[in-house]
Amino acid sequence: LDMFSELKFPVPWGHVAAKAWGPSEGHPVLCLHGWLDNANTFDKLIPLLPRDCYYVAMDFSGHGLSSHRPAGSPYHFLDYVSDVRRVAAALQWRRFTLMGHSMVFLSFFYCFISPQFSFLYPEMVDKLILLESLGFLTAPQDTEEWLKSKRQVIDRLLSLEAKQRAPKVWSPEAALQRLLEANRHLTAEGGAILLQRGATETPAG
């Protein structure tokens with residue numbers, strides 16, 4: 001476990017970097033660093049852990065060797081949870097152990113990435129290990145609605161990313177027709193005005 005390999009996972013704004021220790025066929029353990037840290041957080045710890053596991057420590061977006069999000073984009077905690085979901089999908093891990101170091105104060109309650117991911121995707125986490133951290137806290141009456149809405153946001157986002165294709169090309173008439181079908185309140189004149197600025201002309205259409 002003194003040796004590691006570097007990994008990169010593509011995301012829409014670049015890549016998420018990670019480092020891995022142990023046999024790739026070993027029990028999967030995803031390691032999440034704390035506030036303003038990076039994957040090197042685990043350098044001294046991993047060699048002390050069981051050798052039959054495959055440890056992957058990721059750099060969250062904007063940390064370590066991972067790509068920063070586009071300039072002007074905020075770094076919300078749910079975006080970090082989405083990063084974890086992306087890496088798990090790239091590794092094709094359906095169930096794994098999650099080991100997380102602290103992440104700090106958010107809004108009016110303590111919200112940490114590892115417990116939050118476990119709360120949203122309990123079927124994917126067989127064990128949760130918290131280092132200098134608390135569990136995920138919500139008021140009981142808010143739990144079900146929070147779980148449903150946040151998981152839906154992440155799942156839809158990743159589903160859209162997986163379906164990314166080259167932009168379709170339409171004739172001006174067909175583009176106007178599609179716009180009017182999707183917006184029944186628009187007149188043909190109003191739709192044509194919007195398309196002047198809302199569509200890009202190419203040689204193909």
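Note: hydrogens, waters and symmetry copies are ignored here, and every other heavy atom, side chains too, is used. Predicted model, so just to flag it, every value in this text is computed and none were measured.
- Between Y55 and P50 the shortest heavy-atom distance is OH-O, 2.7 Å.
- A 4.5 Å side-chain heavy-atom check between M99 and F42 finds at least one atom pair inside the cut-off.
- Under the 4.5 Å side-chain criterion, counting only non-hydrogen atoms from C-beta, Y54 is not in contact with V29.
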Start with the C-alpha gap between R85 and M124, add the side-chain angles, then the distance that decides, and say whether side-chain contact (heavy atoms from CB on, under 4.5 Å) holds.
-> CA-CA 10 Å; R85 187 70 184 83; M124 297 185 72; 3.9 Å; yes

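- Heavy-atom neighbours of R178 CZ from other residues, nucleotides or ligands within 6.0 Å: at or below the threshold of 12.
- Annotation: side chain of V11 is not in contact with side chain of F9 (no heavy-atom distance under 4.5 Å).
- In the hydrophobic clustering of ILVMFWY residues, with side-chain heavy atoms under 4.5 Å counting as a link, L65 and I46 come out apart.
- Checking side-chain atoms of S114 against main-chain N and O of L98 turns up no donor-acceptor pair under 3.5 Å.
- Residues R95 and P122 approach most closely at NH1-O, 3.6 Å, considering heavy atoms.
- Looking at D59, its side chain does come within 3.5 Å of a backbone N or O of A39 through a donor-acceptor pair.
- Salt bridge annotation for D126-R94: absent, with no cationic side-chain nitrogen under 4.0 angstrom from a carboxylate oxygen.
- The line from CD1 of I129 to CG of L30 is 11.5 Å long, rounded to the nearest 0.5 Å.
- Linking ILVMFWY side-chain heavy atoms closer than 4.5 Å, directly or via other members, places L176 and W170 in two distinct hydrophobic clusters.
- Scanning all heavy atoms of the two residues, the minimum distance from S82 to L157 falls at OG-CD2, 4.4 Å.
- Other residues, nucleotides and ligands contribute more than 12 heavy atoms inside 6.0 Å of the CD atom of E6.
- Considering only heavy atoms from C-beta on, K127 stays 4.5 Å or farther from V125 through its side chain.
- In this structure, D155 and L160 have side chains that are not in contact, with every pair of non-hydrogen atoms separated by 4.5 Å or more.
- I154 places a side-chain heavy atom less than 4.5 Å from the side chain of Y121.
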Walk me through it: do H15 and S67 pass the test side chain to side chain donor-acceptor pair (under 3.5 Å)?
-> CA-CA 5 Å; H15 68 270; S67 302; 3.3 Å; yes

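- Counting non-hydrogen atoms of neighbouring residues, nucleotides and ligands closer than 6.0 angstrom, the CD atom of E123 exceeds 12 such neighbours.
- L131 is listed as a side-chain neighbour of L45, based on a closest heavy-atom distance under 4.5 Å.
- Remark: the backbone N or O of H68 is not paired with any side-chain donor or acceptor of S61 at under 3.5 angstrom.
- For C53 against P23, the heavy-atom pair with the smallest separation is O-CD, 3.5 Å.
- Of the possible donor and acceptor atoms, one in the side chain of D79 sits under 3.5 Å from a partner among the backbone N and O of H76.
- Counting only distance, with no hydrogens or angles, the side chain of N183 and the backbone of L179 share a donor-acceptor pair below 3.5 Å.
- We find the CG-CG distance between L194 and L186 to be 5.5 Å, quoted to the nearest 0.5 Å.
- Formation of a donor-acceptor pair under 3.5 Å by the H101 side chain with backbone atoms of T41 is not found in this model.
- Using a 4.5 Å cut-off on side-chain heavy atoms (C-beta onward), V16 and R86 make no contact.
- Taking all atoms of both residues into account, the shortest heavy-atom contact from W21 to A57 is CZ3-CB, 3.7 Å.
- Taken from CG in L32 to CE in M58, the straight-line distance is 6.0 Å, to the nearest 0.5 Å.
- Using a cut-off of 4.0 Å between Lys/Arg side-chain N and Asp/Glu carboxylate O, K19 and D43 are scored as salt-bridged.
- Heavy atoms from other residues, nucleotides or ligands lying under 6.0 Å from CD of E181 number more than 12.
- The NE2 atom of H185 sits 10.0 Å away from atom CG of L180, with the distance rounded to the nearest 0.5 Å.
- Contact record, V56 with A20: CG2-CB, 4.1 Å, taken as the closest heavy-atom pair.
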Run the numbers on H27 and T97 for side-chain contact (heavy atoms from CB on, under 4.5 Å), then give the verdict.
-> CA-CA 8 Å; H27 179 78; T97 295; 2.9 Å; yes

Could you check F60 against H33 for ring pair (Phe, Tyr, Trp, His ring centres under 6.0 Å), going step by step and ending with a plain yes or no?
-> CA-CA 8 Å; F60 283 116; H33 64 76; 4.9 Å; yes

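- Between F117 and F96, the angle of the ring planes lies from 30° to 60°, which puts this pair in the tilted group.
- The aromatic rings of Y80 and H63 lie perpendicular to each other, with more than 60° between the two planes, well past the 30° mark.
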